Every structure is written in structure tokens, then in C-alpha cells.
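Step one of this worksheet: look at the structure below.
These numbers come from a predicted model, not from an experiment. We name chains A, B, ... by the order of the sequence lines, and we start the count at 1 in each one.
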Amino acid sequence: MITETIKNSLKKKLEALGISVATDEISLERPANREHGDWSSNVAMVTSKRLGKPARVLAEEIVESLNADPPKGIAEVIAAGPGFINFHISTVLAHEVLLRVLENGNRYGSSDAGLGKHVNVEFVSANPTGPLHAGHARGACYGDAIGNLLSYVGYEVHREFYMNDRGLQMNVFGRSLQARKNNEPLPDDGYGGEYVMEWADIMPENLTLEEITDWGCEYAKTDQQDALNQLGIHFDTWFSEKSMIENGEIDRVLEDLITEGVAYKKDGATWLSSAEFGDDKDRVLIKSNGEYTYLTPDIAYHRNKFERSDWLINVWGADHHGYIARMKAAMQALGYDSENLSVQVTQLVKLLRAGEEVKLSKRQGDIIELRSIIEEIGADSTRFMYLLQSVDSKQTFDLELAASKAMDNPVYYVQMAYARLCSVERNANEHGFQFSLLPIDELGLLVHSRELDIIRGLEILPETIELAARELAPHKIVTWLRDFANSVHGFHHDCYVVGDGISKELTNARLNLVVASRKGLKVGLDLLGVTAPKQM
RNA sequence: GCCCUCGUAGCUCAGUAGGAUAGAGCGACCGCCUCCUAAGCGGUAGGUCACAGGUUCGAUUCCUGUCGAGGGCGCCA
């Protein structure tokens, strides 16, 4: 790699000046400003104190020495600013990225960094008591996208949905359905949503409460699956909480906790010694009335997942963050390393329509269904909009903008860039030009600043993917796509592939650039689960 | 009171394992179509990076505190 070449040459020069530096101490970064070169090192500023001379002077000495004997692939080295050493790589080397993209096709930027480790991504996990709503959308899009990312960098990814298909909420839901079926008043705190009436209407007659609850659960699951399918989200496992009651797993985990001495009885209840493992206080596992708390089945569930995976990722809504410490404590109490449990919390999303806040009032039971959002703005737009920003930040977006088929809608801007490249390629084909992979020296015709923008964009895609995967931050892919789409539109505007005054050789070289760009966009869109339309 | 996530342009947001002149889109204003989608491209205006200290050659980024927003602190789920 070129970065290794640069680091080694810097190390050699520093040693000649009497400073010994480990290779990994030398940091190289990509300057934000392209005039500052392709790679930049701050090593002169970091070491100048040890040498007792100004950083800028040291940088110039190093630069002079480097230019006398330039490292392979480096065209020029320049000292700049307070003491940066900027490296400009040779054109040929820059263009090699096109060959890498064209040869790797739709796997460009993938890696085996995950070493095939098994990661379980649990997300959505809505209660089976109704349709998915707006509040589930962010976690759904996010969870699926990090699954894509991790899979792309070499993890074995398992997508999982946990169903709380037993307990108090299910009971209330069953009784709500029953009341609606019999035209009786809803129970206290019953489910007031309109869907309960609709579902009660299609529910078979003369069922017992237990049968009603089971029917409702199954119906809700099917309904939720249907909405997720519309987004292209598919789970490997729909894990039933109830199944852990039936097979005794929950009781087993309780016994083990007591045996290990990390759970105890007090005041008629059973407690987890979670405070010993980093939680604020101990937590109740079995209430004095004999029922499990919410925590207990969840502990059993997480142990179940750990038995199947190396790494667990939970995607939770902001209202669950207070739960993280006790879950990690419980896992440590069971002997697992809580470092292998990552909990990603998604902040709330506020929806606007034409600038007006879309109000949800849960008390009335009236919700915005996820399905209705998908119908209003489309699956691609839903995914893209929800992935636009870091999940650490609260998000606001306008449904009207998200539905618009105009360039101010980011998803259309990016998709249009893809469609344009396809269109350019079709046009070239009609003019008798077929894409074929050119040797590197013929790609050297690509020197226009728009072309170099694209080459640079493709160059940084793999490291963008690597970073997005490492930080579980798919919005970094979105940011790359928007930047890259901008480069594509600029290229399209200024660089005709076929036309008067464009040589045959340039047309062929640009056709290579077009195909490489198209593949780059496709990689990014695929990672987000957004389609890449050939025309719009 | 304690904990978590935040606070960057009029609006919506990037950026921060410490780096050079803090970026994009929208909105405002001004330009650009004999040729591949003007569904586009370019330019101008717009910032004490919430505030105050600290560490550093260098802080929007790290540390401490203050203020502000949202969320969480149950034998609820």
C-alpha cells in the first residue's frame, strides 16, 4: 500500500535526522482540501520539540530530502502550513483505483475484517400487539443497514426479532380484542387503536381468551412482517419469549444465577446482584407475587443469543437506554464479557408534513403506521431518510420532501446520478462504443478536475465502509453517496462521454469511469438497502 | 438529584481516534441549455462550532464546570 511506502520513507528520513519513530506512530491523513495533496503527515509538528527546531523548518528539511529520492508512486512532496508534509501521488497510481473498482465489481470495498465472526443483530422487536408504527421505522432501517455493513466487511450476520408474546401486555391486548368483539367497553388501559376493532371483526367467533390472545399475536406478527417486507427487511429468526417459558429456559437461568451466588431472595422477591456488576442498584427478577419482571426473560434470551453468537448488537429506542446497565450487568453475572454486547440507542424522530409537525397521540391509540409512511413516500425514500443522520441525534424530516420526485430530495439526487450514468452508457452504446476494461496508461487521459473528483470519491469508498461498519454508522455511507452523486452530476455536466470534439480514446476512457462510478454508487445504495434504478 | 444522547449557517444536518481557510442540502440573490435526463452545474451572501475555564505547537473535536433540548432513573413493559 502507498501509505506504508510513505510511512517507511518518513521513518527513514527521521532516523537520518536522529529521531527514531515507530511506523505506527506516524499518522497519515487525507487532507480535507485537495490542494493539500492526497496524503498528509503531521510528523514534523509532533517531533519538532524533540529536535529543538521549528516544525516548519523540520518539515522543509524532510521534504527536500524526500524530493531528492522520491518514494515509488509519489509525484511530489510539499511542506505546507505550520509544518505539514503533503504527498501528491502520481496520476497513474491514482487511476489504479478504477481498475480495482472495475475488477471487483459489486464487491468493491468489501473485506474480511470481521473474520467470519458471528454477530447477532436484534432490532425492531416490537410487541405483537398491533401494527408497526413510525416509532419503529428508524430502528428497522438502521438495524438492517448495519447488518448489511457488517456482512460486507466479513461478519456472519444474523438478523433477529424478539417477540414479547407473553405477559401483561399480551393479556391486555387479548382482552381488548375480546371486548371489541363483544361490543363491550375496553378494559382499563386497554388498546384503543382503531385497528383493534378492525382485527376483532375478522377474528373467528367463539374463541377463549387464550385463543384470542394467540390469534392476535399471530395476526400482529404477520402484519408486522408484511410491513417489513415492503421495506425489504427480512429476519432470520423471530424469537418467541413464550418458547422460553415452555422449554424451561427462564427457570434454568434463574437457578444458575442463584447457584452462582449472584441472585438472592429478599422481601419475598428474588433479586439480581446487578450493583456488583456496574448497575446503579440491584434489580428484581421475581416479584413477590411470583411473576417475572420484564428483565428475567430478557436475561434468558440474551444468554440464548450468546450461546449462538460471538457478538450481540441490540438496537433500542431512546426510552430503553436506562436498561443498558442492568442488561450488561446481568450478562457479566452470567460470566459473559459485556464488551461483546453492544447496545445502539436510536433517538426520536419528529415527522413534519409541509412544515407542520405530525402529531401522534398515543393516548387516543391513534398512531402513524409504518405502512402508511411507506405508502406515502416509498420504500427507498423511507430507508434513505431514516438513515440520513446519525442515530445519536434527534431527527426531523418532512414527509412531503421525502415523497417529492425532485433533486432537493436526497434519495432522488443520488438515484438520479445512477440513472444518468446508465443513460450515458446507453447513449455510448448507441453510438457504437462498448465498455471494455482499458489498460492503466489509457486511463491516464482522465485528468479533468471532475474526473479526478470521481476517482478520489471511489478511492475513499473502502475506508468509508470500513469506518461506517466499525462505528455502526450507516449514515456515513449516506454522506459519501451524497458527495459522490454531486461529483457524478458535475462530471455529467462538464464531461461529455460521446460528442463533438471528444476523441475515441477519451470516450473509451470515460466509459471506464462511468462504469466504475455506477458500480461505486451501487455498492453504497446496496449497503443501505436502497434500489439503484437504471432510469427514472 | 443522578445517568444517557445531543447543542455547528435562517432551516435540516455532516465533520471531530486533535490539525491547515469549519462543509453540504434547502431557503435568498446572481449566472449557465445547438450535444449523453436543466430532475442538472456554478457563484454570492450567511458562523464568537451553546457558554466559561483547562490540557496542547495546535481544540468545533479531549477534560471540568455552567446553561439549554430530549430521554431514562419502578416488585411497569
Side-chain angles (χ1 to χ4, degrees), chain A residues 27 29 31-33 35-36 40 42 44-46 48-49 54-56 80-84 86 127 129 164 167-170 172 189 266-271 280-281 283-295 297-298 317-326 345-348 350 352 355 388-398 401 404-410 412-413 415-417 419-428 430-431 450 467 470-471 475-476 478-480 482-483 486 488-502 507 510 514 535-536:
Chain A
S27 82
E29 61 181 32
N33 186 338
E35 286 169 18
H36 294 141
S40 178
N42 63 357
M45 290 180 287
V46 175
S48 65
K49 217 173 188 180
R56 176 71 194 224
F84 289 100
N86 295 336
N127 287 342
T129 55
N164 298 108
L168 183 65
Q169 290 307 312
M170 283 315 291
V172 173
D189 299 320
K266 192 182 92 180
D267 303 336
T270 303
W271 298 69
D280 294 345
K281 51 182 117 169
R283 306 287 172 176
V284 172
L285 293 169
I286 305 178
K287 300 186 241 176
S288 47
N289 68 6
E291 289 172 11
Y292 301 134
T293 61
Y294 179 82
L295 181 62
D298 228 16
D319 55 341
H320 278 72
H321 96 261
Y323 199 69
I324 297 172
R326 73 189 72 170
V345 169
T346 66
Q347 299 296 319
L348 296 175
K350 184 160 82 178
L352 308 179
L388 212 47
Q389 274 123 41
S390 159
V391 291
D392 290 339
S393 298
K394 288 173 286 179
Q395 184 184 17
T396 303
F397 75 83
D398 197 309
L401 168 65
S404 92
K405 300 199 176 2
M407 285 294 197
D408 53 0
N409 178 353
Y412 277 87
Y413 184 79
Q415 288 182 316
M416 188 60 201
R420 274 195 153 151
L421 292 171
C422 293
S423 167
V424 167
E425 202 179 342
R426 281 194 299 271
N427 181 262
E430 283 162 21
H431 285 79
R450 299 294 206 177
L467 185 66
R470 183 154 41 88
E471 297 188 353
H475 77 277
K476 287 177 190 290
V478 177
T479 303
W480 179 86
R482 298 176 75 179
D483 279 351
N486 180 250
V488 168
H489 287 304
F491 166 76
H492 176 266
H493 185 266
D494 289 349
C495 302
Y496 279 83
V497 171
V498 180
D500 298 342
I502 312 289
T507 294
R510 283 183 171 168
V514 163
Q535 56 190 0
M536 297 180 72

(message) For nucleotides 6-15 of chain B, give me one character per nucleotide, 5' to 3': B if any protein heavy atom sits under 4.0 Å from the base, S if the only such contacts are to the sugar-phosphate, - if neither.
(response) S-----SSSS
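- Nucleotides B/rA69 and B/rA59, compared at atom P, are 30 Å apart to the nearest Å.
- Across all strands, A/R510 comes closer than 4.0 Å to no nucleic acid atom at all (heavy-atom distances).
- Considering only side-chain N and O atoms, A/N486 lies under 4.0 angstrom from the phosphate OP1 or OP2 of B/rC41.
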Considering only nitrogen or oxygen atoms on both sides, find all protein atoms under 3.5 Å from nucleotides 73-76 of chain B and state each distance.
residue: B/rG74; atom: OP2; partner: A/K281; partner atom: NZ; Å: 2.8
residue: B/rC75; atom: O2; partner: A/S288; partner atom: N; Å: 2.8
residue: B/rC75; atom: O2; partner: A/S288; partner atom: OG; Å: 2.9
residue: B/rC75; atom: N3; partner: A/S288; partner atom: OG; Å: 3.3
residue: B/rC75; atom: N4; partner: A/D267; partner atom: O; Å: 3.3
residue: B/rC76; atom: OP2; partner: A/K287; partner atom: NZ; Å: 3.0

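- Nucleotides B/rU21 and B/rC63, compared at atom P, are 25 Å apart to the nearest Å.
- Among the protein residues, A/V497 comes within range of the nucleic acid bases, having at least one heavy atom under 4.0 Å from a base atom.
- Taking the C1' atoms as reference points, B/rG71 lies 24 Å from B/rC75, given to the whole Å.
- Residues satisfying the ring-ring contact (aromatic ring centres under 6.0 Å, His included) test with A/F397, not counting sequence neighbours, are A/Y386.
- Remark: A/D494 pairs with A/R450 by the salt bridge (charged side-chain N to carboxylate O under 4.0 Å, His left out) rule, at least two apart or across chains.
- Comparing the same atom, C1', in B/rU61 and in B/rA50 gives a spacing of 15 Å after rounding to whole Å.
- With no hydrogens or angles considered, a side-chain donor-acceptor pair links A/N42 and A/S27 at under 3.5 Å.
- Nucleotides of RNA chain B nearest to A/N427 and A/D494 differ in position, and the one nearer the 5' end is that of A/N427.
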Identify all pairs in which a protein N or O lies below 3.5 Å from an N or O of nucleotides 29-32 of chain B, and state each distance.
none

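- Here A/K476 pairs with A/E471 under the salt bridge (charged side-chain N to carboxylate O under 4.0 Å, His left out) rule; sequence neighbours left out.
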Between protein and nucleotides 18-22 of chain B, what N or O pairs are separated by less than 3.5 Å?
residue: B/rG19; atom: N7; partner: A/N42; partner atom: ND2; Å: 3.1
residue: B/rG19; atom: O6; partner: A/N42; partner atom: ND2; Å: 3.4
residue: B/rA20; atom: N6; partner: A/S40; partner atom: OG; Å: 2.6
residue: B/rA20; atom: N6; partner: A/N86; partner atom: OD1; Å: 2.9
residue: B/rA20; atom: N1; partner: A/N86; partner atom: OD1; Å: 3.3
residue: B/rA20; atom: N1; partner: A/N86; partner atom: ND2; Å: 3.0

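- B/rC33 has its base syn relative to the sugar, with a glycosidic angle deviating from 0 by at most 90°.
- A/Y413 has a side-chain polar atom (N or O) that falls below the 4.0 Å cut-off from OP1 or OP2 of B/rC41.
- A/Q169 CD to A/Y294 OH: the interatomic distance, rounded to the nearest 0.5 Å, is 10.0 Å.
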(request) Give RNA chain B the dot-bracket treatment, 5' to 3': Watson-Crick (N1-N3 with N6-O4 or O6-N4) or G-U (N1-O2, O6-N3) under 3.5 Å, [ ] crossing, | other strand. (result) (((((((..((((.....[...)))).(((((.......))))).....(((((..]....))))))))))))....
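- In this view, A/R56 and A/E60 satisfy the side-chain hydrogen bond (donor to acceptor under 3.5 Å, both in side chains) rule, not counting sequence neighbours.
- Rounded to whole Å, the separation between the P atoms of B/rC2 and B/rU66 comes to 8 Å.
- Residues that satisfy the salt bridge (charged side-chain N to carboxylate O under 4.0 Å, His left out) test with A/R470, not counting sequence neighbours, are A/E466.
- Taking the P atoms as reference points, B/rU55 lies 26 Å from B/rU16, given to the whole Å.
- Comparing A/H492 and A/E471, the nucleotide of RNA chain B nearest to each residue sits closer to the 5' end for A/E471.
- A/D500 has its CG atom 11 Å from the P atom of B/rC35, to the nearest Å.
- Not counting sequence neighbours, the partners of A/K287 by the salt bridge (charged side-chain N to carboxylate O under 4.0 Å, His left out) test are A/E291.
- The shortest side-chain heavy-atom distance between A/F84 and A/M45 falls under the 4.5 Å cut-off.
- Annotation: ring-ring contact (aromatic ring centres under 6.0 Å, His included) contacts of A/Y413 (sequence neighbours excluded): A/H489.
- Put simply, the side chain of A/H321 and the base of B/rG71 share a donor and an acceptor less than 3.5 Å apart.
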